[in-house]
Protein chains: 2
Amino acid sequence: MGEERAVGTPVLRRLNTAAVLRAVRERAPGPVRLAELVEVTGLTRPTVGQAVDDLVEAGWLQQHDPATTPRRGGRPALRVSLRGRAAPVLGLDVGPHTVSAGIDDLAARRLAAVRRSAEAGPAAAGRLLAAVDEVIERALQEAGLGADEIAGLAVGTPGIVDAGSGRILLAPSVPGWTSVDLSDHLRGRFHCPVQVENDANLAALAVAGERPGHGTLLAVQWGERLGAGVVIDGRLHRGSGAAGEIGFIRPPGHVPETGDGRGPLERTIGAEAIAGKARRAGLPGGAPDAAAVFAAASAGDSTAQRVVDDVAATFAQAVAPAVLVLDPDAIVIGGGVARAGSVLLAAVNRHLADLTLNPPAVELSGLAEDTVLTGALRLALDEFWRRLSV
Amino acid sequence: MGEERAVGTPVLRRLNTAAVLRAVRERAPGPVRLAELVEVTGLTRPTVGQAVDDLVEAGWLQQHDPATTPRRGGRPALRVSLRGRAAPVLGLDVGPHTVSAGIDDLAARRLAAVRRSAEAGPAAAGRLLAAVDEVIERALQEAGLGADEIAGLAVGTPGIVDAGSGRILLAPSVPGWTSVDLSDHLRGRFHCPVQVENDANLAALAVAGERPGHGTLLAVQWGERLGAGVVIDGRLHRGSGAAGEIGFIRPPGHVPETGDGRGPLERTIGAEAIAGKARRAGLPGGAPDAAAVFAAASAGDSTAQRVVDDVAATFAQAVAPAVLVLDPDAIVIGGGVARAGSVLLAAVNRHLADLTLNPPAVELSGLAEDTVLTGALRLALDEFWRRLSV
DNA sequence: CTAGTTTATAAACGAGCTTAACAAACCCTC
DNA sequence: GAGGGTTTGTTAAGCTCGTTTATAAACTAG
């Protein structure tokens with residue numbers, strides 16, 4: 001730790017080269033004129049030239065043909081861009097039913113995306129692991145890459161993950177999953193940094209990536225299960241490892257056990273519980289699912305509206321203390337329930353305004369199915385760049 | 001923003017000088033041999049010599065008389081130490097009833113500490129401001145310093161403070177306080193960085209300073225009012241400005257308004273409310289205050305024990321959602337109620353264990369009355385060092 | 001008083017950035 | 001198509017800084 005040895009002129013070179021690389025990255029994926037880099041970095045032309053030469057040599061950047069540069073009435077500029085293929089990263093989303101893999105290049109361009117379902121049930125852990133290996137293989141093939149070329153890897157999984165070892169400590173939704181050392185398994189195949197992270201946390205990272213600027217964000221994944229991730233100034237907050245587990249908040253009143261490892265709030269306002277509430281409230285139309293309830297509420301059905309309001313109130317009361325302590329700029333709701341639309345949003349906003357000092361903006365996530373995968377790729381990329389600049 | 005211009009060899013000098021200063025600071029307040037600095041920083045002897053010369057010249061360090069160095073069988077070493085007086089910082093704690101000021105030197109040695117009471121009531125804001133000016137004057141006198149020598153200033157005040165402007169947005173406990181621009185007032189007298197911060201946040205910073213290492217800490221101030229500060233990896237979490245306002249968490253059940261701006265949780269388990277609960281429960285001994293209730297509970301009185309358990313349960317239920325989201329390593333309770341001792345602690349621990357996945361260590365703060373002042377001085381010092389290394 | 005140890009000083013060297021002058025390549029106008 | 005204007009690239013001199021290496025200083029132990 002604290003290795004800051006030998007601060008001589010070579011360190012300057014490293015610093016400046018890193019600054020140039022960062023500047024190119026910020027303008028990715030398009031090519032950048034060297035003169036532009038001079039302006040942006042504040043370095044002088046010879047310095048930038050030297051750094052670019054080094055970076056091209058090392059494979060980080062690629063020169064563009066001067067013939068193709070747009071003319072602006074002077075000597076044609078040299079242009080460079082990130083050579084994305086130089087360090088692709090692999091992301092994985094290991095869900096209880098689905099496993100997906102994606103590969104992004106340095107500039108966050110998607111090189112491959114593969115998805116595969118895996119049946120649940122007994123021995124699910126084993127099947128999941130096999131599915132993981134398969135999607136990895138297919139993704140590598142699709143991108144035309146070997147495992148050794150991968151520069152970073154991040155995996156999203158349900159459950160609570162130990163930050164240090166990467167071991168999964170608690171994963172009620174996948175039987176046997178805690179006894180699989182996923183991190184170790186992957187490290188056997190890849191010789192790059194491997195990060196295992198809770199899926200809701202990665203989703204939060206993906207959501208934060210969509211939002212401009214920094215600040216505090218609470219990103220809720222609301223489906224059958226209920227989880228959240230906290231992102232502060234672009235960085236994931238892990239707490240002592242289990243941050244964001246809002247599914248285990250206990251709402252007022254008695255919540256019957258289900259024995260499937262779900263938390264009290266999940267059992268009260270998870271997608272399944274919402275359908276149950278509607279059924280008990282006598283919503284016409286047989287056995288509705290959560291989506292049907294929200295649709296009915298949107299259409300004006302007063303029974304459904306009461307159910308939605310009840311759900312929103314419970315949610316707001318459950319998270320209000322966390323909102324008061326964390327004071328996030330926004331709460332973004334994703335997951336299956338997020339497709340509910342504005343009915344739910346308005347109700348949550350209304351209740352939260354009543355329960356907090358500084359009600360955050362409550363929004364629905366605009367991200368589609370691949371949220372966790374996107375977050376995993378983002379984490380892998382972030383880690384990669386972080387290592388570069390240290 | 002992003003000014004990183006002109007990265008030439010002079011930057012190296014700045015970097016290395018800063019590294020030397022940091023190394024000296026880490027060994028404060030004792031003097032350090034130059035040879036030791038060479039070893040610690042990894043720089044070479046001539047470089048360290050140059051940096052030390054510069055720092056002595058600029059007044060940051062002072063040389064020690066070689067005659068006084070302990071002999072170790074060789075040429076006597078040059079030794080330097082922080083010249084604390086070079087940049088003292090001023091801390092203020094503006095409470096509703098008491099105002100205190102403190103001055104620390106660079107090495108966090110206390111140079112002055114002054115306290116003064118200010119009566120509440122109408123026109124309290126004006127009297128407070130006068131008291132602030134007075135304690136500042138006396139502290140400066142006590143330390144033998146002029147206002148221009150102060151290198152940093154931080155103020156703790158009740159209420160919610162806007163991070164950008166330093167304006168106080170909400171302060172129910174001091175009438176008229178929001179219309180006083182404290183930050184502006186101080187900036188008129190001092191030409192150093194001025195930070196205004198919520199008092200509970202500063203207390204949290206002080207508590208965090210007492211704890212080794214990093215991690216997530218929820219520091220609760222529990223007295224008549226109830227507030228908290230969140231410290232993550234040594235840095236204060238401000239959220240959008242009002243983080244930690246646990247007094248406004250709404251516990252289950254109806255909480256009558258009192259119209260004095262206190263939040264629902266404060267009205268339920270604040271010091272005054274605890275006494276009220278005991279009175280209503282029929283605790284013998286007339287009109288007890290909170291301390292008496294805790295004392296009776298410790299002594300074995302079952303009525304008092306029921307009250308304490310009720311209070312602890314309410315507290316635990318209120319903060320459990322925040323604990324699940326934040327997953328702090330510890331909750332430290334300070335303020336008047338903290339003097340309750342292990343009765344309260346045990347009860348809170350018990351209830352929290354039942355309501356969270358990963359129950360944090362609940363502890364009592366070891367800090368005395370000056371918690372907020374200590375935090376203010378710490379914030380001012382942190383800011384000062386932060387500015388130096390940028 | 002000499003040997004050994006620890007520390008400080010000074011000069012030579014090398015790496016890196018900056019300045020400044022100059023060259024290249026292109027557009028436009030006459 | 002020749003020359004001026006513009007943007008960009010190239011090169012060499014000069015400066016700052018850290019490192020290396022050799023040498024001197026100051027002290028203790030025996």
When the distance from CG of B/L15 to P of C/dG16 is rounded to whole Å, what number comes out? 16 Å
Less than 4.0 angstrom between a side-chain N/O of A/T9 and OP1 or OP2 of C/dG16, yes or no? no
By side chain to side chain donor-acceptor pair (under 3.5 Å), B/R187 pairs with (sequence neighbours left out) B/S183
Rounded to whole Å, CG of B/L12 lies from P of D/dG18 at a distance of 6 Å
Has the side chain of A/R83 got a donor or acceptor atom that lies under 3.5 Å from a matching backbone atom of A/Q62? no
Could I get the full list of side chain to side chain donor-acceptor pair (under 3.5 Å) partners for A/D382, not counting sequence neighbours? none
With sequence neighbours excluded, tell me which residues meet salt bridge (charged side-chain N to carboxylate O under 4.0 Å, His left out) with B/R79. none
Just distance, no hydrogens or angles: give the donor-acceptor pairs under 3.5 Å from side chains in residues 103-111 of chain B, sequence neighbours left out.
unit_1 : atom_1 : unit_2 : atom_2 : d
B/D104 : OD1    : B/R110 : NE     : 2.6
B/D105 : OD1    : B/A107 : N      : 2.9
B/D105 : OD1    : B/A108 : N      : 3.1
B/D105 : OD1    : B/R109 : N      : 2.9
B/D105 : OD2    : B/R109 : NE     : 2.8
B/D105 : OD2    : B/R109 : NH2    : 3.1

Check whether any side-chain N or O of A/T47 sits under 4.0 Å from OP1 or OP2 of C/dT18, and answer yes or no. yes
Separation of atom CD in A/Q50 from atom P in C/dT18, rounded to whole Å: 12 Å
Close N or O pairs between protein and nucleotides 4-13 of chain C (under 3.5 Å):
unit_1 : atom_1 : unit_2 : atom_2 : d
C/dT5  : O2     : B/G73  : O      : 3.2
C/dT6  : O2     : B/R75  : N      : 2.7
C/dT7  : OP1    : B/R33  : NH1    : 2.3
C/dT7  : OP1    : B/R72  : NH1    : 2.8
C/dA8  : OP1    : B/L78  : N      : 2.7
C/dA8  : OP2    : B/R45  : NH1    : 2.1
C/dA8  : O5'    : B/R45  : NH1    : 3.1
C/dA8  : O4'    : B/R75  : NE     : 3.4
C/dA8  : O4'    : B/R75  : NH1    : 3.2
C/dA8  : O4'    : B/R75  : NH2    : 3.4
C/dA8  : O3'    : B/R75  : NH2    : 3.4

So, is A/N16 close to the C/dC17 phosphate, meaning a side-chain N or O under 4.0 Å from OP1 or OP2? yes
Without decimals, in angstroms, what is the distance between B/R13 CZ and D/dT19 P? 12 Å
Residue pairs passing the side-chain hydrogen bond (donor to acceptor under 3.5 Å, both in side chains) test where at least one lies in residues 141-153 of chain A, sequence neighbours excluded: none
Please report, rounded to the nearest Å, how far the C1' atom of D/dT16 is from the CG atom of B/D54. 13 Å
Spacing between B/R14 atom CZ and C/dC17 atom C1', to the nearest angstrom: 16 Å
